2 protein chains.
Amino acid sequence: MLSTACKDAIRAMIYIAKNNKDDFISISEIAKELNLSFYFLSKILQKLVKGELLKSYRGPNGGVKLAKSAEDIRLIDIIEITDGTKFFSECILGLEKCSDNNPCPIHYMWADKRGEIQKMFESTTLKDIVEDINKLQCIKL
Amino acid sequence: MLSTACKDAIRAMIYIAKNNKDDFISISEIAKELNLSFYFLSKILQKLVKGELLKSYRGPNGGVKLAKSAEDIRLIDIIEITDGTKFFSECILGLEKCSDNNPCPIHYMWADKRGEIQKMFESTTLKDIVEDINKLQCIKL
DNA sequence: AATTAAAATGCTTTCCACAGCCTGTAAAGA
DNA sequence: TCTTTACAGGCTGTGGAAAGCATTTTAATT
Ligand code: FES
Ligand code: FES
């Protein structure tokens, strides 16, 4: 459902939000901590920089940091940049033009669930997630 | 979320259930009606035959037909054969061992939605779908 | 028995997400 | 100014899904 790139992006963003200070966090540190390929992660984060969720800085002590407050970054924003939002408008059976006027045999039940998932990603911010992590200490990253 | 093979399998099964009589339906007819590659569909349906959702018959007037009553074939059965059920037990962020004891940052909200989707596929049979199609005439396949 | 229809199956090709590597470029510090 | 650090971005390789092709097997019809 989410691409590998998108999963990595979300994990990285959570890590960055959790360790959010004024200085930049290097991509190699994130890759090491989350056990990801440095090269692959670099490209994913580049996208997020272009999407204006992250700021980057080159040179010594460079790295990335959040471009805005953690409460203003929703999961759906990350998903939109890495994967797009086709998932939330496409037919689950791969047919063209998914809509109530032109439904496939399982359109109505699927559109319902799909909408709930979309709402879930829209209503969850990085701030919410970091607070959860601090509350429940047992969360893995 | 569902592989192309799985989507095609579901569409084909619905078509077969809708036209279910005593005689066999040829795969080439199904492929033509649903606008699918005959070769690809052949292999998918072979899997369903092995999975005992379909019976096949070779030679002239051969083809496939449901191996059991339409009300005994659930969408989840088709999904399980074509894609497996990893989707319903794996972590959405790709982490190992998804469970309540070992949750990722969005495990609780995701496990909830994921369970609902699973229930949806478990509780929908081909009979339900065919009835819907007959009721609402505007359904596309 | 020969022909024909249709599924079963193996082999090959195509495509794309994923991943790795290398070079370019910006910035800091000596 | 030179060296080092770290992001930016291009190029290439790989594995698995998807798709196409060809041959074999089964069964009905003539
Ligand atoms: S038409 Fe199939 S999900 Fe909407
Ligand atoms: S651990 Fe991530 S969804 Fe369960």
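Within every chain, numbering begins at 1; the chains are lettered A, B, ... in the order of the sequence lines, protein sequences first and strands thereafter. Only heavy atoms go into these numbers, but all of them, side chains included; no hydrogens, no water, no symmetry mates. Fair warning: this is a prediction, and the values are worked out from it, not measured in the lab.
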Quick one: does A:Arg11's side chain have a donor or acceptor within less than 3.5 Å of a partner on A:Leu34's backbone? yes
To the nearest angstrom, how far is A:Lys43 atom NZ from C:dA19 atom C1'? 8 Å
If you pin B:Ile27 and A:Cys6 to their nearest nucleotides in DNA chain C, which one's is more 5'? B:Ile27
Regarding the side chain of A:Tyr39, the nearest nucleotide among C:dC21, C:dA8, D:dA22 is C:dC21
Could you give the CZ-to-P distance, from A:Arg58 to C:dA27, as a whole number of Å? 7 Å
Taking the side chain from A:Lys55 and the backbone from A:Glu52, do they hold a donor-acceptor pair closer than 3.5 Å? no
Please state how far atom CG in A:Asp23 lies from atom P in C:dA27, giving the value in whole angstrom units. 18 Å
Within the 4.0 Å heavy-atom criterion, would you say A:Lys50 contacts the bases, only the backbone, or no part of the nucleic acid? sugar-phosphate
Rounded to whole Å, NZ of B:Lys55 lies from P of D:dA27 at a distance of 15 Å
Strictly below 4.0 Å: does A:Gln46 bring a side-chain N or O up to OP1 or OP2 of D:dG9? yes
OP1 or OP2 of D:dA6 versus the side-chain N and O atoms of A:Ser26: is any pair under 4.0 Å? no
Below 4.0 Å: OP1/OP2 of C:dA28 and any side-chain N or O of A:Tyr57: yes
Side-chain N or O of A:Ser37 closer than 4.0 Å to phosphate OP1/OP2 of C:dA19: no
Atom CD1 of B:Ile16 to atom P of C:dA7: distance rounded to whole Å? 10 Å
Students often mix this up, so state it plainly: with edges at 30° and 60°, are the rings of A:Tyr57 and A:Phe24 parallel, tilted or perpendicular? parallel
In whole angstrom, give the distance that lies between atom CD1 of A:Ile44 and atom P of D:dA8. 13 Å
With sugar-phosphate meaning primed atoms plus P, OP1 and OP2, does B:Thr4 contact a base, only sugar-phosphate, or nothing at under 4.0 Å between heavy atoms? sugar-phosphate
Counting N and O atoms only, with roles assigned by atom type, does the side chain of B:Asp128 sit under 3.5 Å from a partner on the main chain of B:Thr125, one being a donor and the other an acceptor? yes
Take A:Lys7 and B:Ile92, measure what side chain to side chain contact (heavy atoms under 4.5 Å, CB included) needs, and give me the verdict at the end. CA-CA 7 Å; A:Lys7 295 171 184 177; B:Ile92 192 177; 5.8 Å; no
Can you tell me how far C1' of D:dA8 sits from CZ of A:Phe40, to the nearest Å? 16 Å
Quick one: is D:dC7 close enough that its OP1 or OP2 comes under 4.0 Å of any side-chain N or O from A:Ser56? no
Rounded interatomic separation in angstrom, taking CZ from A:Phe38 and C1' from C:dC18: 17 Å
